[in-house]
Amino acid sequence: MSIQKTEKYDLPKAYEFSEIEQRWYERWLSEKSFRARTDDGRPSFSIVIPPPNVTGVLHIGHALNNTLQDVLVRYHRMKGDNTLWVPGTDHAGIATQNVVERQLAGEKLSRHDLGREAFIERVWAWKEEKGGTIINQLKRLGASCDWDRERFTMDEGLSRAVREVFVRLYKEGLIYKGDYIVNWCPRCHTALADDEVEHDPTEGKLYHIRYPYADGSGYVVVATTRPETMLGDTAVAVHPEDERYQHLKSVGISLPLTGRVVPVVFDHHVQREFGTGALKVTPAHDRDDYEIGLRHDLPRLKVMDDLGVMNEAAGVYAGLDRFACRRIVVADLEAQGLIDKIEDYQHAVGKCYRCATVVEPTTSKQWFVSVKPLAAKAVAAVEEGRIKLYPNTWYRTFYAWMENIRDWCISRQIWWGHRIPAWTCEECRKLIVEVEAPDVCPDCGSTRLNQESDVLDTWFSSALWPFSTLGWPEQTRELAVFYPTSVLITSFDILFFWVARMMMMGLHIMNEVPFHDVYLHALVRDKYGKKMSKSTGNVIDPLVMIEQYGTDAFRFTLTAFAAQGREIRMDEERIDGYRRFINKLWNAARFAQMHLKEADPGITELAAEPKGLSLAHRWILSRLSTTIAGVREALDNYNFNDVASISYQFVWHEFCDWYLEWIKSDLFSEELTRRDEAKAVLLTVMEQVLKLMHPVIPFVTEEIWSQLPGRRDSIMRASFPETVEQWTDTRAETTMNLLMDVISGLRTIRTEAEVHPSANIEAMLICPDEEQRRILEQYADGIRSMVRAASLRIEASGVVPDDAGHGLVQGVELVVPLKGMIDVAGELEKLAREQVKLQKELERVVGKLSNAQFINNAPEAVVAKERDKETEIRTRLAKTAESMERLSKLR
RNA sequence: GGGCGAAUAGCUCAGCUGGGAGAGCAUCGGCCUUACAAGCCGAGGGUCACAGGUUCGAUCCCUGUUUCGCCCACCA
């Protein structure tokens with residue numbers, strides 16, 4: 001490869017992405033190209049970003065999520081819609097608090113050393129300093145968010161929205177404070193929602209303990225995995241129809257270690273088959289026991305405090321950590337001979353999704369949202385099609401989940417977050433719930449008011465995101481233009497955490513859906529289908545990929561992988577493959593640029609009405625039109641992978657492989673009109689392709705676009721391609737298909753006979769069909785140059801010489817005389833295989849055609865197709881036999 | 001236990017409402033042919049998991065089985 005060649009062109013030989021990406025992104029920013037438009041009369045298109053945690057760093061899931069959003073946003077912006085993409089971050093209560101607490105721990109401090117206010121200041125300081133990481137990383141990805149509208153869930157405006165909603169729901173009776181059993185994380189000091197608890201299968205023990213009857217007449221064996229909770233037992237439960245225990249009706253149980261006497265209750269919840277069929281009941285420390293306790297009016301005895309340490313109610317065990325207590329309780333029971341047996345036991349243990357500490361179910365006062373009435377509105381909106389889910393496999397899951405929904409515990413015992421806007425009057429105990437802090441108690445006038453110390457679940461503010469980011473509760477122009485948003489793009493794992501709650505809040509507060517469509521994309525896994533995790537070491541870091549392969553290649557890969565499935569197996573090799581594609585496009589542009597440099601951009605008008613143009617031009621324009629239609633349809637239906645594959649196929653295998661090769665002779669021609677026509681169509685196709693692909697690969701398309709002839713504004717402001725009716729030309733496509741088949745067929749003959757690629761051949765085409773013959777004659781020069789043929793004879797009939805390479809496409813016989821170059825044995829073998837295949841196929845077709853049922857029931861067109869097939873197979877069989885006969889003579 | 005999803009070429013995956021199996025990568029052969037060797041031209045490779053059923057016709061619809069994955073609930 002020579003350096004001299006390169007000098008002829010203005011573009012470097014290989015696409016160098018890093019400088020180009022940086023340069024263009026800065027320019028887009030400085031030109032405010034991402035700014036939302038609110039022109040009257042245009043359709044609007046809006047997306048709110050799923051706000052990443054402010055503590056977050058860009059992982060591959062974000063990369064996928066935001067690439068898909070950017071693809072849609074850029075598409076709609078080019079279509080001329082009023083397009084808005086709102087960026088922002090989530091304050092991520094526990095996660096952020098943990099980060100800062102870790103920082104403090106490094107200074108040997110806890111948050112309690114600082115106190116609440118100082119700690120929160122410290123978190124804000126951290127946010128100002130480090131919180132922007134993921135935003136900058138999104139910029140590397142090319143995200144075209146309207147950055148001037150960046151929001152944070154703890155911003156003043158959004159916090160106001162949170163309080164407004166809280167107060168409204170409270171006053172409507174949809175928020176209440178209640179005693180409830182919650183999942184308590186003793187490390188994070190907070191209650192966790194059910195879906196914040198992860199259940200890992202864990203090896204544990206199942207302890208079978210003897211509970212003596214109060215009258216000393218015997219004992220019943222109960223089984224538990226958490227023996228320390230027995231200190232809080234307030235009953236033993238058995239199934240009402242369990243014959244084994246009918247006699248217990250009048251017997252009390254003397255609880256070991258404490259000597260308390262507890263009753264036996266009869267409850268259908270108890271599984272007779274499990275263990276002994278007797279269940280110890282600890283209403284204060286077990287979800288199911290809590291329910292049993294309610295049904296039988298049992299006392300709730302809390303034996304642990306918020307740190308997981310046994311409290312005074314645990315008597316002599318007070319002050320022990322729950323796990324230490326477990327060991328000692330077991331030892332004590334053993335000493336008294338009350339352990340029946342201890343088994344190894346695998347069970348699911350609930351763990352905190354943030355810190356993996358074993359969760360302790362416990363009772364406490366918490367705030368709740370009554371979600372049933374809200375859920376009903378969401379379900380109705382989905383049922384009525386006001387919100388559509390893509391892929392549609394999610395409907396069932398959605399409905400099932402919404403039916404079983406339980407009240408939402410929204411209070412969290414941490415400091416970082418929206419503090420609950422409720423105050424208790426120290427004098428008269430009145431609970432005051434207001435948007436702004438009250439000065440005095442409205443009932444007694446006392447100024448001794450204490451605000452709730454709990455903050456709200458982070459998802460509470462996220463649920464308001466689609467309207468809080470647009471300025472609610474103010475009635476802003478943004479709300480008027482952009483709410484409801486067009487589509488929400490997110491990962492399916494937060495369908496219920498977040499998506500469903502946005503539906504509820506949007507419908508209830510705004511009286512309108514928050515978005516029309518929900519596109520749920522897959523989870524990205526490694527190439528073996530494993531979850532990516534730091535500990536497994538299989539993480540693919542988007543920023544590393546961007547540096548290695550370029551943002552465009554990376555984005556194209558994510559788009560290509562985004563089929564409507566549930567998982568994506570990311571393989572780095574694919575990224576490299578698409579990097580080559582970007583390079584291919586780049587080189588096609590170099591080639592175009594070499595010819596178009598001096599061209600007047602106005603020449604594209606020649607392509608507007610292609611009737612008079614030569615075949616290849618009409619063909620590529622027709623294919624382009626189909627491609628545009630395909631890409632638009634795919635984009636409109638969120639079939640992102642189709643967007644990628646349709647454009648890939650067109651650019652590489654039609655535009656580059658065939659069109660560019662075919663028009664070289666035109667571009668180098670002495671005839672001015674031939675040259676101009678070629679330039680006109682070449683430029684047209686280049687422009688359309690760049691615009692078509694810009695949403696997916698913004699950088700390379702902008703760079704090439706800027707190099708094309710003429711003074712050019714950013715491609716971002718160019719209009720998205722539309723199909724052009726005049727371009728559709730099925731005749732040109734059929735004709736071109738014939739030529740391509742003939743050319744490929746002749747090339748195959750060359751290759752199989754091992755003719756050197758630079759050697760010329762003589763070729764003959766036997767073509768009985770007059771129309772086809774006319775076409776072949778017309779384009780004989782093109783065929784000759786594409787297959788390196790010194791001569792090309794086209795005949796209506798003829799005899800195939802014995803020592804000729806032979807092929808058959810679309811009824812045309814391809815003949816290449818090859819003296820002594822044919823691998824006779826090899827060819828014969830191949831033909832024999834072919835023959836077997838054809839015969840099998842023929843049998844099938846004939847069988848079908850002789851079936852009266854088929855003839856009568858199948859559509860006309862299908863039957864006709866089968867008939868054609870039969871004729872074709874018979875011809876091919878005959879030609880195969882002829883070829884075999886010919887070759888046999890050469891042996 | 002309940003629900004959902006997947007099973008198609010060596011690998012990663014497409015295949016819309018049933019009518020002759022596709023792509024990319026990998027493999028094999030040949031080429032520095034004037035945009036691209038990060039390339040070009042060719043080739044091989046699949047009982048569409050298995051068993052039934054519906055149908056003139058099933059990769060596609062139905063039933064069951066197997067394997068894998070996920071979600072929900074957790075029998076203490």
Side-chain angles (χ1 to χ4, degrees), chain A residues 1-2 5-6 8-9 11 13-15 194-195 199 206-207 222-226 229 237 269-271 273-275 278-282 286-289 345 347-348 350 393-394 396-397 400-401 404 492-493 495-496 523 525 527 529-531 560-561 563 565-571 573-574 576-595 637 639 641-642 644-645 648-649 652-653 656-657 660-661 664 668 744 747-752 754-758 787-788 830 841 844-845 848 851-859 861-863 865-866 869:
Chain A
M1 105 196 71
S2 64
K5 279 185 213 162
T6 310
K8 278 168 38 190
Y9 313 107
L11 303 177
K13 190 166 176 176
Y15 176 56
D194 288 346
D195 35 17
H199 294 271
L206 187 61
Y207 304 86
V222 299
T224 179
T225 53
R226 298 184 298 152
T229 62
H269 169 79
V270 179
Q271 309 284 315
E273 306 76 33
F274 188 89
L279 168 68
K280 64 188 268 311
V281 183
T282 324
D286 185 277
R287 166 73 50 88
D288 291 326
D289 293 4
Y345 188 65
H347 60 142
T393 48
W394 285 104
R396 272 178 83 112
T397 318
W401 193 82
N404 298 323
F492 68 77
D493 55 342
L495 176 59
F496 307 120
L523 288 178
R525 299 167 178 282
K527 65 191 249 189
K530 287 212 180 95
K531 258 187 183 153
F561 267 120
R566 287 201 174 204
E567 65 176 67
I568 290 174
R569 297 186 187 208
M570 178 54 64
D571 185 352
E573 277 180 35
R574 288 281 294 267
D576 190 54
Y578 290 123
R579 180 184 55 84
R580 290 166 199 237
F581 173 67
I582 303 294
N583 194 57
K584 183 79 180 173
L585 178 64
W586 178 256
N587 274 291
R590 280 179 77 219
F591 175 76
Q593 180 64 359
M594 159 185 163
H595 294 281
N637 292 293
N639 291 317
N641 59 322
D642 289 343
S645 70
Y648 184 100
Q649 288 301 321
W652 200 315
H653 297 307
C656 291
D657 285 354
L660 291 184
E661 294 305 322
K664 274 178 181 169
F668 288 108
S744 295
R747 282 172 176 169
T748 305
I749 294 171
R750 286 186 62 119
T751 306
E752 286 186 347
E754 293 183 11
V755 176
H756 193 275
S758 61
V787 300
R788 278 192 179 251
K830 218 180 116 183
E841 186 69 11
R844 213 178 56 81
V845 173
K848 248 183 172 180
N851 181 345
Q853 304 267 41
F854 174 71
I855 304 289
N856 294 334
N857 293 322
V862 175
V863 178
K865 220 168 159 189
E866 292 294 319
K869 208 186 294 175

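Lettering follows sequence order; numbering is per chain, from 1. We use all heavy atoms of the structure for the numbers below, so side chains are in, but hydrogens, waters and symmetry mates are not.
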[atom1]-based separation of [M] from [N] [nearest Å]:
| N | M | atom1 | result |
| --- | --- | --- | --- |
| B/A43 | B/A26 | C1' | 14 Å |
| B/U63 | B/G5 | P | 12 Å |
| B/U66 | B/C50 | C1' | 7 Å |
| B/U12 | B/U54 | P | 36 Å |

Taking pairing as Watson-Crick or G-U wobble with both contacts under 3.5 Å, can you name the mate of [N], or confirm there isn't one?
| N | answer |
| --- | --- |
| B/G18 | none |
| B/A35 | none |
| B/A26 | none |
| B/C50 | B/G64 |
| B/C70 | B/G3 |

Classify the side chain of A/Lys13 versus the base of B/C36 as yes if they form a donor-acceptor pair under 3.5 Å and no if they do not.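 Looking at the base of B/C36, it does not pair with any donor or acceptor on the side chain of A/Lys13 (distance under 3.5 Å).
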
Quick one: is B/A23 close enough that its OP1 or OP2 comes under 4.0 Å of any side-chain N or O from A/His653?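 So the side chain of A/His653 is outside the cut-off, no N or O lying under 4.0 Å from OP1 or OP2 of B/A23.
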
Locate the shortest heavy-atom distance separating A/Val787 from A/Arg747; write the atom from each residue and the value.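 Closest heavy-atom pair between A/Val787 and A/Arg747: CG1-CG, 4.2 Å.
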
Using atom types as modelled and distance alone, determine if a side-chain donor or acceptor of A/Asn851 lies under 3.5 Å from a backbone N or O of A/Gln853.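 A pair under 3.5 Å: yes.
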
With a 3.5 Å distance limit and no angle check, can you tell me whether A/Arg590 reaches the backbone of A/Leu585 through a side-chain donor-acceptor pair?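 A pair under 3.5 Å: no.
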
Could you tell me the separation between the CZ atom of A/Arg844 and the P atom of B/G57, rounded to a whole number of Å?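 Roughly 13 Å, once rounded to whole Å.
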
Expressed as a whole number of angstroms, how long is the span from A/Glu841:CD to B/A21:P?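 So the CD-P distance, A/Glu841 to B/A21, works out to 8 Å.
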
Under a 3.5 Å threshold, yes or no: a donor from one side chain and an acceptor from the other, between A/Arg580 and A/Asn583?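 Side-chain D/A pair, A/Arg580 to A/Asn583: absent.
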
